[in-house]
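We name chains A, B, ... by the order of the sequence lines, and we start the count at 1 in each one.
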Amino acid sequence: MNISRNIAIGAMLSGVFTIAALVSFVWIPYDIEALSIAERMRTPSLAHPLGTDHFGRDILSMIMMGARTSIAVAFVAVGIGMGFGVPLGLAAAAKRGSLMDELIGRGNDLVFAFPSLLIAILITATFGPSALNAIIAIGIFNIPVFARLTRGAALSLWKRDFILAARVAGKGSAHISVEHILPNLSNLLIVQGTIQFSLAILAEAALSYVGLGAQPPTASWGRMLADSQTMISLAPHLALFPGMAIVLTVLGLNLLGDGLRDFFDPRLRNAEK
Amino acid sequence: MLRFAILRLVSLGLSLVVASIVIFTLIEIIPGDPAAFMLGLNAQADTIAVLRAELGLDASPLERYFGWVTGMLTGDFGTSYTYRTPVSEMIGERLWISLPLALIALGLSTLIAFPVGILAASRRGSLVDTVVMGFTQLGVAIPNFWFAMLMVLVFSINLRWFSAGGFPGWDEGLFACLKALTLPAISLALPQASILARVMRSALVDTLDEDFMRTARAKGLTRKQAIRHHALRNAMIPVLTIIGLQFSFLLAGAIIIENVFFLPGLGRLIFQAISQRDLIVVESVVMLLVFAVILVNFAVDITYALVDPRLRRPS
Amino acid sequence: MTLLDIQNVSLEIHGKPILRDISLSLQQGRILGIIGESGSGKSMTAYSVMQLLPDGSDTSGQILINGFDVLSAPEDALCRLRGNEVSIVFQEPMTALNPLMNIGNQVAEAIRVHEPSTPNHVAMQRARSSLNRCELPADRFPLTLYPHELSGGQRQRVVIALAIALQPKLLIADEPTTALDVTTQAEILALLRRLVLEDEMGLMLISHDLAVVTDMADEIAIMKDGEIVENLPSQVSFKDLKHPYSRALFAASGYIPARVRSDQTEPLLSVRNLVCDYHLPRASLLGPAKYFRAVDDVSFDIRKGESLGLVGESGCGKSTLARAILGIQKLSKGEIHFDGMRINNEQDVESDIRRRMQVVFQDPYGSFNPRHRVDRLVSEPFHLYKTPLTKSAKQEAIASALRDVGLEPNDQYKFIHEFSGGQRQRIAIARALIIRPDLILLDEATSALDVSVRAQILDLLAELSESYGLTYLFVSHDLSVVRSITDRVLVMKDGKIVEHGETDDVFSAPKHSYTRKLIASAPRFLQATTR
């Protein structure tokens, strides 16, 4: 009962922000590039449900546009992590103990020594700031996360008898990895993907906040928080709403991930019955 | 044990070498001519030539790499182009803000997380467990810099218990400095503590299901004794991994939080350096941070071996 | 006074009935054996006595230990009881000890927790003498060893040492030897018997293995579905059994399927001077590369149509040898020929050879990809055909393979978790059979099954070998099974074949000392019923 509650709340919260991001493609309440000094720093009202910022832009509209940035960055970054990490992990597990396995392992250790903030700093120092940097930095950091997870889980599968049976049937390691290993990892990858998605949203916000991510005029939650900081005593709502958007999205994804993990775990599912 | 430590030390050295090559390549090779890059589009040809000479760019990349590395080994990190002061001095001053901040936050996070995680695990499924885990779920979702802004709003602006930022300098006495680091450390520590408490709980819950816990109870130990004498040490193994990882997040977090509190630490230094294209500073600070992360991972590996005899004395 | 008196005990866990109306009693100095198949509730009976039940358990009835009422006792009184008056030895010695604590402290802890005033050095001395009593002498087994430095049998001795450290009056042993090899099992059982005699303990011995229990116990209780179906004295003959389940259990335990021997002598598979090495991590950074020789200069033939047994204890190299024959193991030296064709190293085995050789594994739960349906699982070997079968031919083959092993063709649309252990082993046989191989390698194929199911599978194997002229290589540690279904047998130890010959000859007149030890270690029920 707890499991399905987690999934329901999680899916609802992350669903709201996904829908907000999708709706922003066709409609937002106000144009966020049109500045209106007369309307600046309004507190929430019927016309502006979440108020306006120091340029008179509608905060609800900016949060909808920001959701688009956050979700797009996180989606591509986690995609990069999975796209490279999972095949690397599968290959390392298939050739356990080989030079390739060793190299992939060392490579993972190395990338782990660079938190995504440092990668973003290095890239920005040479290429200048942009949302693409945030994607690359977060994506690179996600590769070893998925590579390690995949390798570990695949190794325990490789010991199972049904893999031996497939080898006796003459199947090669690439064939086995795709046909037998990967499908049995899918639950694990969905769960970890959800968790990494939420971490990526946090990371994107942090990078944009320090100016290493999305640049104006692209709306971004982290950027909005950075802009609100100097005016926090005058207009606390400027800091409040983007922050809450981040918290609710991340909370939703984490609840969803936890709920899915428990749902996929046969031990827990049996215990619930 | 010694063999294990030596092997880890060798791998630490290798990681440092590869990391330095990656950083050097990204900063000094990929931009083409770092001097032209640092001076920007409007630079005169002769100013570029002067900077090229100053940076020793006429030498081959290999020579420059070795020059950089040997310099760092002897404490010479080069000279900042914008400030005209040795980078080692600039780092020295600022390190003494960022490092204590990260360490205080790590300590705080551990101090909060352990009791919370243990409490939740030993009362698994109870109301206490549900409530505590609900709070950590929220804590995990809060970005530390936003939490910091809220803390400033409440404790500095409304309650006026703390100043909103800045750092008095260590000359002004320990108390004043610790006071200035209090809000930053708390805002860094609480989200991390939430993660750590969750890991602690799940590691302990897994350990409680182990066969040797049943053996301990069969000996006549009470539930509490069995947890204290057997479960905790075993649960520490996954927890240690996370503490190691957290240090690198805290270091990165410290760099970001410094922006909220106007602390003159490594974070302020590196972001200024980026906007001023002072590549020498960026290169050295990043290398230093990577070194710190690798060092902490080494310490975690050694602690593993101290906790786990299977690593210390493989059969 | 009766040492252990269980009266009308019932147990529910989260409302689900586990035990129904159990009554048992045990006198000091005697051994009570409890027999049952998996899920019969025999372990839960033991945990009820210790009150170490999972959360949500509700026990009713009465359990008296020397008159002490366990079910009404408060938790702190139970803690004083456990490890002091009553101790227990568990099934899995590999995980029963704390991996981070040395064995001296783990045994001494049992003393300190009940006698907290004991000085440390005295507790350690008493731990030492307890370990000595369990045949772990100080020179080879100092107190500072950690569990991972000990073998499974040695770990079980440590568990027994901490259980008897305070000389309890009642010892419960829950499948104490199930995870161990047969020679180690014999040693552990002898140890338990000696300790019972020396300390005049009562021992409650729980096992699924009829032979172990009949060998040891003074009286026997047979359990099924949470109930005791029969209480017996140990010296029992078949005709004394009243309950049909007990009769079936005894009959199945010594079961010998009816088989027809093949009289061909032509070899189907021949192994010559085979060596398989594994690389080990280097001892020092610059030291020479080390290796472990799992299979050491092995030669033998498998004749067409015969059933050949390969017996040995864990780590003797029989699994590596099996994998080498299947062409999924790197050969270091030597040759394997299958019907004249050579089996090379793992990669380039001809699909013609693979097609004629199939395998059935031990674990009916791990041998199938849980995400595939039975039709896909069973037809996996079709991968070895160079030209794919037509859909209808494939359907026909799947249906007939399932019928051959006693399942319904409609079962192909189900997933593997919908089947019991015995049915899964039938599906594994169907998968091996579908491609009509000449040789089927049975790698501990009946070891994980309950005796009654095992008898059915043995029958099925005998039947199939007759109708399809199959050749079997039966790899197992279970002597009674090997004796009942093979024509010839190979005995393997430390990578070498130490004895081979006709099964009856080897079992009745073993020549090699290791074979003799192996046969002597097997519980006596075997000899009694296969006579």
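Counting heavy-atom neighbours within 6.0 Å of A:Phe127 CZ, excluding the residue itself, gives a total above 12. Heavy atoms from other residues, nucleotides or ligands lying under 6.0 Å from CZ of B:Phe298 number more than 12.
Residue B:Val260 touches chain A through both its backbone and its side chain, counting heavy-atom pairs closer than 4.5 Å. For B:Ser156, no part sits under 4.5 Å from any heavy atom of chain A, backbone or side chain. Only the side chain of B:Ile255 comes within less than 4.5 Å of a heavy atom of chain A; its backbone N, CA, C and O stay farther away. Residue contact with chain A, scored on non-hydrogen atoms closer than 4.5 Å, involves the side chain of B:Arg198 exclusively. The contact between B:Ile157 and chain A is made entirely by side chain atoms (from C-beta outward), counting heavy-atom distances below 4.5 Å. Residue contact with chain A, scored on non-hydrogen atoms closer than 4.5 Å, is absent for B:Leu16.
Side-chain atoms of A:Ile232 and B:Leu150, non-hydrogen and from C-beta on, never get closer than 4.5 Å to each other.
For the pair B:Trp146 (side chain) and A:Met244 (backbone), a donor-acceptor distance under 3.5 Å is absent.
Side chain to side chain, B:Asn259 and A:Gln229 fail the donor-acceptor criterion of an N or O pair below 3.5 Å.
A distance of 9.0 Å separates CG of A:Leu251 from CD1 of B:Ile142, quoted to the nearest 0.5 Å. To the nearest 0.5 Å, the span separating CD1 on B:Ile294 from CZ on A:Phe114 amounts to 7.0 Å. Rounding to the nearest 0.5 Å places CG of B:Leu26 at 12.5 Å from CD1 of A:Ile121. Annotation: the span from B:Ile27 atom CD1 to A:Leu122 atom CG amounts to 5.0 Å, rounded to 0.5 Å. Note that CG of A:Leu117 is 8.5 Å distant from CG of B:Leu289, once rounded to the nearest 0.5 Å. Between the CG atom in B:Leu138 and the CG atom in A:Asn254 there is a gap of 10.5 Å [rounded to 0.5 Å].
Ring geometry for B:Phe249 against A:Phe141 counts as perpendicular: the plane angle is over 60°, on a 0 to 90° scale with 30° as the lower cut.
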